[in-house]
Every structure is written in C-alpha cells, then in structure tokens.
Colleague: 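Quick one: the structure is below, and I'll ask about it shortly.
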Number of protein chains: 2
Amino acid sequence: MTGSRNGVLELAVLGSLHENPLHGYELRKRLNTLLGMFRAFSYGSLYPCLKGLLTDGLIVEEEPPDDVVLGRRSKIVYKLTAEGKERLQELLTQAGPSSWEDESFGIHFAFFRHTEAEVRLRILEGRRSRLEERMENVRTALARTRERLDSYTLELQRHGLESVEREVRWLNELINTERAQADKSQSERDKRPDSDE
Amino acid sequence: MTGSRNGVLELAVLGSLHENPLHGYELRKRLNTLLGMFRAFSYGSLYPCLKGLLTDGLIVEEEPPDDVVLGRRSKIVYKLTAEGKERLQELLTQAGPSSWEDESFGIHFAFFRHTEAEVRLRILEGRRSRLEERMENVRTALARTRERLDSYTLELQRHGLESVEREVRWLNELINTERAQADKSQSERDKRPDSDE
DNA sequence: GAGCGATGTATCGAGCTGATACATCTGAAG
DNA sequence: CTTCAGATGTATCAGCTCGATACATCGCTC
C-alpha cells in the first residue's frame, strides 16, 4: 500500500473499472452521470488517483489490440488487476462513517448491486442515524438561540429540515424493502433448504 | 483590497458581524446554526478570512469595556468598520453565479432581509435556472447512456432528480411570493403616491 | 484545408477540511 | 477545596480538491 488515497474516489474508480475498462475522460463522464445530482469529480483529483492506483498495482494500462500498434497513443485505457478486484471487494464490505457521509454515501449506494445485503442494511441505517443526529443538532442549536430569526432564515431552516426529513423517509422505505427481501429469502431457504429455483 | 478572499465566506462573516459583534468561536457556531443543514465552516477557513478582513480594515477588534482591562485577553471580539459596512452592501447587491451556486446560495438567502427586492428575485431565478440546467444535463447524459442501469443506480437517480425538482418548486413559490409583494407595494405607491402609513 | 467542437491527458495555484495543539473557564463530584 | 471533565476559545498544518488552464487529436462540416 504505497499511497493513502481518498477512499471514496478509490471505490468510485475501482467500481467503475470493474464493470468495464475505461480511460480517464470516459471514467469522469460515467461517474458524473452515475452520481447525477450528487457529486462531480474533477480531473485534478481523478488523475492523481489513477496514478496512485497504478503504482499500487490495483489497475494497469490495457494493451491495445495488435492491429492498432502503429505508434498511436492517445487513449490510455485502464483495467483492474486481480489485486484491484480484491481491494474493491474489501471496500465494498466496509460499512462505517466513510460510507454514509454526504460525499461518500452516493458512491456506496451506486454500487449496492455488488454489495452484500447485510452491508447494504448497515450503510442505510448508518446514513439514517447520521441525518437524524444532524437534525437533532440543528434543532437544539435552534432552540438555544435566544433572538428570533427573520422570516427568510426561518424559511431556509424549514426547507433544509424538510429536505432531510424526506431523505430519512426515503431511507426508511429502502430499509423496509431490504428487510422484506432478507426475510423472504431467509424463509425460502427454510422451506426448501437444498432446492434452488 | 489586499486579500482576495472567498466571497461567500466574506459575506457570511460581514453579514453576521453586522447584526452584532462576535468572536471567532461564537461566529462559527452562529453561522453553522444559521445555515442549518446546508453548510459548515471550519476554523481553517474562518480564521484566515478574519485575518484578511482585519488587514483590509473591514473589521476591527473591539475594545473591551474599561473595567475588565486587567490583562485578561482571551476573547477577541470583532466588529464592522464603516468600510466593512460599505463592502457588505456591495456584496448584498451582487446577483451572479457566485450567489446561486450550491455553496453560496444558502448564505445569500440567509441575508435576504438586508437585500433589495429586485436582487432577491434575480438570485432566486438564477438559482432556479442553475438547477434546471443541471437536471437537463443529467437527463440527456442518462438518455445517451446505452447500457441499462441496475435498480439501485436508477433509484439513486430518481431520488436525486426528485429532490432537485422539489427545490425548484420551492423556488417557484418563493418567486411568486416575491412578485406578489413587489406588485402590491407598486400598486400601493401608484394609488397614494405621497402618503405613507 | 481550415475551422470548430468534442474528445483526451495533464498540471498548478488557491483555498478548504479535518486533525491537532494548547489554554482557559465552569461546574460537579469526591 | 481540589481535581477532573467538558465546553469555550484561538490557531496552524498537511493533504487534498477545485477550477482554470494548456495542449493535442479526432471527426465533422462548409
């Protein structure tokens, strides 16, 4: 482990490259599409990250097919190595503050398809507590504030709180769905312990 | 103008100090309460900003009342100078990208009480176009994506888009309210051009 | 055959975050 | 009365990220 990279970015890159090899420009567009309204990565962080992953042997430059060998070297396509896949699995297994903070939750969620059900649940619940904790802080800070706030400030607070409450409800739905699925597949296993399909 | 400070932070600090003098710690808490769920400033940006404002003469350290003179020097209370107030007015008059981006919109909104009606409208409309533009980008990027996305990614997109749509509706309401008030006070002025009460 | 916008790699200065250090004040527990 | 914990308070730093910028190539049109 040479470089101590940004975690979030590392997951984003490894996760994207796992689906199929990409070059920098493409990678950036894809990530920013994937994350939609949540986040945008810049080259200033992407390229250093790729460089670090290269030196750590988690990714390699892909050889172009033989017939294009003629000195052309414009795109640099990266793909995962075995170590890279291992590292990705490791990252996908972690559920901790670094997976439910604002900047990172979106990435982790976007790769839920590759994440174990139990880890998914812990991340969703962690995110929910994080938001609830934040609301609690705001509410008590607000209550301690002596001076009345003007109507614009109040409206801003109200809107902010409402947005977060909505996200919590969204998380609740997701958590319920996850639990239902877990129960279902559990009882499937109970009913017919060794048949599949 | 010695330092080219961060604009947003500058507005935040000058605006807060305009309401009443504060010291660093208090200033930070107040700002983070004010902005609720939107933003949090750190000391690493606050103190350098205060330093810059000091050297530019926009704020000064307030003298403690005489009876506490005895060498005690723990708190450093800052207050606006005349130049600082002028600069604040200037910042409050500007409506531009720097007032409707994610990081800055909240601050500008929080000080709308001190902002002219016309500027308020332009900022709200600018914010709205910004969000609509972003949604447009995401939608076309999504349409261009060949490969179908898995259900988690889709759900993330859906949630993100919905959140932004909600914010646009919120902005619409605010804009309507502002317009109605502007019309009302306009017709007041028309009806009785020189009476006040 | 030249002009142009999209594609593509890469770097840099400015500025922010999160951590950390350190001092003081207050109140509660022993 | 002392001591200890936690809030208050000022301040800095390494590491990282953003936004701008530079520069080259590709494919397209006029």
Colleague: Name the orientation class of the two ring planes belonging to B:His159 and A:Phe38 (parallel below 30°, tilted from 30 to 60°, perpendicular beyond 60°).
Modeller: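 Judged by the thresholds at 30° and 60°, the geometry between B:His159 and A:Phe38 is parallel.
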Colleague: Could you give the CG-to-C1' distance, from B:Leu31 to C:dT17, as a whole number of Å?
Modeller: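 Roughly 16 Å, once rounded to whole Å.
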Colleague: Are A:Glu26 and A:Lys75 ion-paired here, with the side-chain N under 4.0 Å from a carboxylate O?
Modeller: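 Here A:Glu26 does not pair with A:Lys75 in a salt bridge, since their nearest N and O are not under 4.0 Å apart.
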Colleague: If you draw the axis of the six-membered ring of A:Tyr152, does the NZ or CZ of B:Arg113 fall within 45° of it and under 6.0 Å from the ring centre?
Modeller: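 Judged by the rule, B:Arg113 and A:Tyr152 form no cation-pi pair.
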Colleague: So that I can tick it off, tell me whether B:Asp56 and B:Lys51 are bridged by a salt bridge, with the cut-off set at under 4.0 angstrom between side-chain N and carboxylate O.
Modeller: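 Salt bridge absent between B:Lys51 and B:Asp56.
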Colleague: From NE2 of A:His23 over to C1' of C:dT7, roughly how many Å is that when rounded to an integer?
Modeller: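 After rounding, the gap between these two atoms is 8 Å.
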Colleague: Tell me which nucleotide among C:dG8, D:dT10, C:dA10 gets nearest to the side chain of A:Tyr78.
Modeller: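 Given the options C:dG8, D:dT10, C:dA10, the side chain of A:Tyr78 is closest to C:dA10.
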Colleague: Can you confirm whether more than 12 heavy atoms, excluding those of B:Glu116, are under 6.0 Å from its CD atom?
Modeller: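 Check fails, neighbour count at 12 or below.
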Colleague: Take atom CG of B:Leu27 and atom C1' of D:dG9, then tell me their distance rounded to the nearest Å.
Modeller: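 Whole-Å distance recorded here is 13 Å.
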Colleague: Applying side chain to side chain donor-acceptor pair (under 3.5 Å), name anything that partners A:Arg139, two or more places apart in sequence or on another chain.
Modeller: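 Per chain and number, A:Arg139 pairs via side chain to side chain donor-acceptor pair (under 3.5 Å) with no residue.
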Colleague: Between atom CD in A:Glu26 and atom P in C:dG8, what is the gap in whole Å?
Modeller: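 For the pair A:Glu26 CD and C:dG8 P, the rounded distance is 6 Å.
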Colleague: Could you pull out the protein-nucleic contacts involving nucleotides 19-21 of chain D (nitrogen or oxygen on both sides, under 3.5 Å)?
Modeller:
none

Colleague: Does A:Lys51 have a side-chain nitrogen or oxygen under 4.0 Å from the phosphate oxygens OP1 or OP2 of C:dT11?
Modeller: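 Result: yes.
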Colleague: Is A:Tyr47 near enough to C:dA10 that one of its side-chain N or O atoms lies under 4.0 angstrom from OP1 or OP2?
Modeller: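 No, outside the criterion.
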Colleague: Any idea which of C:dG8, D:dT8, C:dC16 is nearest the A:Lys75 side chain?
Modeller: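 Taking heavy atoms from C-beta onward, the closest nucleotide is C:dG8.
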Colleague: Within less than 4.0 Å of OP1 or OP2 of D:dC18, is there a side-chain N or O belonging to A:Arg39?
Modeller: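 The answer is yes; a side-chain N or O of A:Arg39 sits under 4.0 Å from OP1 or OP2.
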Colleague: Rounding to a whole Å, what distance do you find between A:Glu61:CD and C:dA10:C1'?
Modeller: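 After rounding, the gap between these two atoms is 14 Å.
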Colleague: For B:Ile76 and C:dA23, what is the distance between atoms CD1 and P respectively, to the nearest whole Å?
Modeller: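 One finds 16 Å between P of C:dA23 and CD1 of B:Ile76, rounded.
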Colleague: Without decimals, in angstroms, what is the distance between A:Lys29 NZ and C:dA6 C1'?
Modeller: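 It works out to 9 Å between those atoms.
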Colleague: Nearest of D:dT10, D:dC16, C:dG8 to any side-chain atom of A:Asn6?
Modeller: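 The closest nucleotide is D:dC16.
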Colleague: Whole angstrom is fine here: how far is it from CG in B:Asp102 over to P in D:dC18?
Modeller: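 One finds 13 Å between P of D:dC18 and CG of B:Asp102, rounded.
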Colleague: Identify, between B:Gly24 and A:Phe41, the residue whose nearest nucleotide on DNA chain D lies closer to the 5' end.
Modeller: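 This one resolves to B:Gly24.
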Colleague: I want to verify a distance call: between D:dT12, C:dC16, C:dT7, whose nearest atom is closest to the A:Tyr25 side chain?
Modeller: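 Minimum distance to the A:Tyr25 side chain belongs to C:dT7.
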Colleague: Can you list every side chain to side chain donor-acceptor pair (under 3.5 Å) pair that touches residues 29-39 of chain A, not counting sequence neighbours?
Modeller: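 The answer is A:Arg30-B:Glu147.
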